[in-house]
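Heads up, the thing below is written out as structure tokens.
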Amino acid sequence: MSHPLLHLREGAVARLRLNRPQLHNAFDATVIAALTGALDAVGRDTDVRVVVIEAEGASFSAGADLNWMRGMAAASEAENRADALALARLMRTLDELPKPTIARIQGAAFGGGVGLVACCDIAIATSNAKFGLTESKLGLLPAVISPYVVEAIGARESRRWFATAELFDATTAHRIGLLHEVVDDETSLDAAVQRQIDLLLKAGPVAAAEAKSLVRRVASHTDRDRHDADNADLIARLRVSPEGQEGLGAFLEKRRPSWSS
């Protein structure tokens, strides 16, 4: 039986590929544990500079596996809470991963699949991709993934899509902020993902990793004096760090920095 997650390496790029194409890469407890463990590993790997979340087959992820849902429907409330916390840990691990992340999306991305997209720093999809937060059709809500989806698309859009469970296309996903780019087909998708990888590999590794924590801190700050002090501390630390010194030196000397491929 094939492994539900493939961990592929291309130099400094780690590709975590969902590998249940016959089930449209639907989630179950095994997939959640495997992806969480793989993210923990690449997060600690100093040789990894970019992480791509992708999927084998026709779909990115159709959300929850039906057999898994059937089992959880028969489980106790305590068991369901533990199961939901495992999914929450996966989403937080991806959202806070100290590496830039790219979601490569084709076909269906429903439920938890949308959560993965929302947690990634960059999201690119083919024009025929379809999205849906379909939980309300089952009398449920996308509660665990909601912090990341609301952050990506905003409160007003979330109120609509959470309530209606309506499917939407890639153009709409781009308009509301879930996607950064839409391309024609999978060949174009690979090229677009590679362009982002190339850009990220030209950025300072520490700077690229710090970017998301900076944005999170700025977005959550209400104390503007503390905000200014924290940002001054950050830029001062980066300027005197080995990476900052190398980057500034390379710029002044009109050469590529040591990390640029």
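Small disclaimer: the values here were computed from a predicted structure and weren't measured.
Between Glu210 and Arg217 there is no salt bridge, since no side-chain N of the basic residue sits under 4.0 Å from a carboxylate O of the acidic one. Electrostatic pairing of Asp45 and Arg9 counts as a salt bridge here, judged by a charged N lying under 4.0 Å from a carboxylate O. In summary, Arg255 and Glu246 engage in a salt bridge, as defined by a charged side-chain N under 4.0 Å from a carboxylate O. The pair Asp28-Arg20 meets the salt-bridge criterion, with a side-chain N (NZ, NE, NH1 or NH2) lying under 4.0 Å from an Asp/Glu carboxylate O. A salt bridge links Arg89 with Asp40: at least one charged nitrogen is closer than 4.0 Å to a carboxylate oxygen.
A side-chain N or O of Asp121 and one of Thr101 form a donor-acceptor pair less than 3.5 Å apart.
The distance from the CG atom of Leu133 to the CD atom of Glu157 is 11.5 Å, given to the nearest 0.5 Å. If you take CD1 on Ile153 and CG on Leu179, they are separated by 11.0 Å, rounding to the nearest 0.5 Å. For the atom pair CG of Leu23 and CG of Asp65, the computed distance is 5.5 Å after rounding to the nearest 0.5 Å. Atom CZ in Phe162 sits 6.5 Å away from atom CD1 in Ile145 (nearest 0.5 Å). Taking OG of Ser188 as the reference point, atom CD1 of Ile124 lies at 11.0 Å (rounded to 0.5 Å). Taking CD1 of Ile105 as the reference point, atom NZ of Lys130 lies at 14.5 Å (rounded to 0.5 Å).
A donor-acceptor contact shorter than 3.5 Å is absent between the side chain of Asp83 and the backbone of Glu79. Within the 3.5 Å criterion, the main-chain N or O of Ala163 finds a donor-acceptor partner in the side chain of Ser136. In this structure, Lys212 contributes its side chain and Pro98 its backbone to no donor-acceptor pair below 3.5 Å. Side chain of Trp259 to main chain of Leu201: no donor-acceptor pair is present (N/O by atom type, distance under 3.5 Å, no hydrogens or angles). Put simply, the side chain of Thr134 never gets that close to the backbone of Ala165: no donor and acceptor are under 3.5 Å apart. A donor-acceptor contact shorter than 3.5 Å is absent between the side chain of Asn19 and the backbone of Leu6.
For the pair Gly107 and Asn128, the tightest heavy-atom approach, listed with the atom from each and the gap, is N-OD1, 4.4 Å. Considering all non-hydrogen atoms of both residues, Gly57 and Gln106 come closest at O-NE2, 2.9 Å. Residues Glu135 and Gly111 come closest through the heavy atom pair OE2-CA, 3.3 Å. The shortest non-hydrogen separation linking Ser127 to Ala170 is O-CB, 3.9 Å. Residues Phe60 and Ala109 come closest through the heavy atom pair CD2-CB, 4.0 Å. Pairing each heavy atom of Ala34 with each of His3, the nearest pair is CB-CE1, 4.1 Å.
Few gaps surround CG on Leu248; more than 12 heavy atoms of other groups in view lie less than 6.0 Å from it. For Glu243, the CD atom is densely surrounded, since the number of other residues' heavy atoms within 6.0 Å is greater than 12. Annotation: Arg216, atom CZ; neighbour count of heavy atoms from other residues, nucleotides and ligands within 6.0 Å is above 12. Dense packing is recorded around CZ of Arg15, with more than 12 heavy atoms of other residues, nucleotides or ligands lying under 6.0 Å away. Taking a 6.0 Å sphere around CD of Glu253, one finds it holds more than 12 heavy atoms contributed by other residues, nucleotides or ligands. Arg159 CZ: 12 or fewer foreign heavy atoms inside a 6.0 Å radius. Atom CZ of Arg156 has 12 or fewer heavy atoms from other residues, nucleotides or ligands within 6.0 Å.
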side-chain contact (heavy atoms from CB on, under 4.5 Å), that's the test. Do Glu186 and Thr126 meet it? Break it down for me. CA-CA 6 Å; Glu186 288 202 50; Thr126 56; 4.1 Å; yes
What's the verdict on side-chain contact (heavy atoms from CB on, under 4.5 Å) for Thr30 and Trp68, showing C-alpha distance, side-chain angles and the deciding distance? CA-CA 10 Å; Thr30 301; Trp68 179 48; over 6 Å; no
Tell me, with the steps shown, if Gln194 and Asp198 meet side-chain hydrogen bond (donor to acceptor under 3.5 Å, both in side chains). CA-CA 6 Å; Gln194 189 60 50; Asp198 292 343; 2.9 Å; yes
Please test Phe131 against Asp169 for side-chain contact (heavy atoms from CB on, under 4.5 Å), starting from the C-alpha separation and ending with a verdict. CA-CA 6 Å; Phe131 302 85; Asp169 60 17; over 6 Å; no
CA sep, side-chain torsions, deciding dist, call: Arg81, Leu85, side-chain contact (heavy atoms from CB on, under 4.5 Å): CA-CA 6 Å; Arg81 185 175 188 276; Leu85 284 172; 3.4 Å; yes
Let me see the working for Glu166 and Arg160 under salt bridge (charged side-chain N to carboxylate O under 4.0 Å, His left out), right down to the final yes or no. CA-CA 9 Å; Glu166 180 183 359; Arg160 173 186 177 178; 3.0 Å; yes
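In this structure, Val13 and Arg49 have side chains that are not in contact, with every pair of non-hydrogen atoms separated by 4.5 Å or more. Looking only at side-chain heavy atoms (C-beta outward), His7 and Arg17 stay at 4.5 Å or farther from each other. By the 4.5 Å heavy-atom criterion applied to side chains, Phe110 and Ser61 are not counted as neighbours. Counting only heavy atoms from C-beta outward, the side chains of Leu116 and Met91 approach each other to under 4.5 Å. Residues Val51 and Ile102 form no side-chain contact, since every pair of their non-hydrogen atoms from C-beta on lies 4.5 Å or further apart. Residues Leu16 and Val52 are not in side-chain contact: their nearest non-hydrogen atoms beyond the backbone lie 4.5 Å or more apart. Side-chain contact check for Pro142 versus Val149: every heavy-atom pair is 4.5 Å or farther apart. The closest side-chain heavy-atom distance from Arg195 to Glu181 is below 4.5 Å.
Of the listed residues (Ile32, Val31, Leu35, Asn25), just one forms a side-chain contact (heavy atoms from CB on, under 4.5 Å) with Leu5, and that residue is Leu35.
In this pair, Phe168 and Trp161 present their aromatic rings tilted. The plane angle is within the 30 to 60° band.
Using a 4.5 Å cut-off between side-chain heavy atoms of Ile, Leu, Val, Met, Phe, Trp and Tyr, with links allowed through other members, Val114 and Ile176 fall into the same hydrophobic cluster. Val206 and Val218 fall within the same hydrophobic cluster, where Ile, Leu, Val, Met, Phe, Trp and Tyr residues are linked whenever their side-chain heavy atoms come under 4.5 Å apart, directly or through other members. When the side chains of ILVMFWY residues are joined at heavy-atom separations under 4.5 Å, either directly or via intervening members, Val144 and Leu140 end up in two distinct hydrophobic clusters.
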